[in-house]
Amino acid sequence: METFKIRTYGRTELAQLYSPGLCPQAAFRKLNQWIDFHPTLRSSLHALVASNKTRTYTPAQVRLIVEALGEP
């Protein structure tokens, strides 16, 4: 198995790494639930980008997610 690399990921791409057994939409919803469950993760992610409508996570955002949730 490859080691996880911090880089830019599409939202659904990263979600499917965390929940490979789910369909893309369900994996995305599950990742969002985990992000919302963490006390400060959502606000930390939003602080790193100008818009919350982006379809990708930047390497800095991916690093925050991995620090909070662990590697996929």
Side-chain angles (χ1 to χ4, degrees):
M1 184 168 189
E2 290 183 34
T3 58
F4 181 75
K5 183 178 177 188
I6 301 291
R7 62 171 178 83
T8 299
Y9 284 91
R11 297 180 307 180
T12 303
E13 177 187 15
L14 184 61
Q16 287 188 289
L17 291 175
Y18 276 99
S19 301
L22 298 178
C23 72
Q25 295 85 359
F28 180 68
R29 285 192 305 268
K30 178 63 74 179
L31 179 59
N32 275 323
Q33 289 173 346
W34 290 342
I35 290 170
D36 288 336
F37 183 74
H38 192 277
T40 59
L41 185 54
R42 178 71 65 192
S43 60
S44 298
L45 291 172
H46 285 295
L48 293 175
V49 293
S51 171
N52 62 353
K53 297 182 187 230
T54 61
R55 294 185 169 266
T56 59
Y57 290 119
T58 66
Q61 288 177 306
V62 171
R63 184 170 284 108
L64 283 177
I65 291 169
V66 169
E67 288 172 359
L69 303 178
E71 287 188 8

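Sequence positions, counted from 1, serve as the residue numbers for this chain.
Contact detail for Ser19 and Ala27: the closest heavy-atom pair is O-CB, 3.9 Å.
In the hydrophobic clustering, Leu22 connects to no other residue, as no ILVMFWY side-chain heavy atoms lie under 4.5 Å from its own. Hydrophobic cluster of Trp34: the remaining members, joined at side-chain heavy-atom separations below 4.5 Å, are Phe4, Ile6, Tyr9, Leu14, Leu17, Tyr18, Leu31, Ile35, Leu41, Leu45, Leu48, Tyr57, Val62, Leu64, Ile65, Val66, Leu69, listed by chain and number.
Contacts of Glu13 classified as salt bridge (charged side-chain N to carboxylate O under 4.0 Å, His left out), with partners at least two apart in sequence or in another chain: Arg7. Remark: Thr8 engages Thr56, Pro59 in a side-chain contact (heavy atoms from CB on, under 4.5 Å) (not counting sequence neighbours).
Within the structure, salt bridge (Lys or Arg N to Asp or Glu O under 4.0 Å) contacts touching residues 19-47 (residues at least two apart or in different chains) are Asp36-Arg42. Residue pairs meeting the salt bridge (Lys or Arg N to Asp or Glu O under 4.0 Å) criterion with at least one member in residues 61-72: none, sequence neighbours excluded.
Rounded to the nearest 0.5 angstrom, Gln16 CD and Gln25 CD are separated by 8.5 Å.
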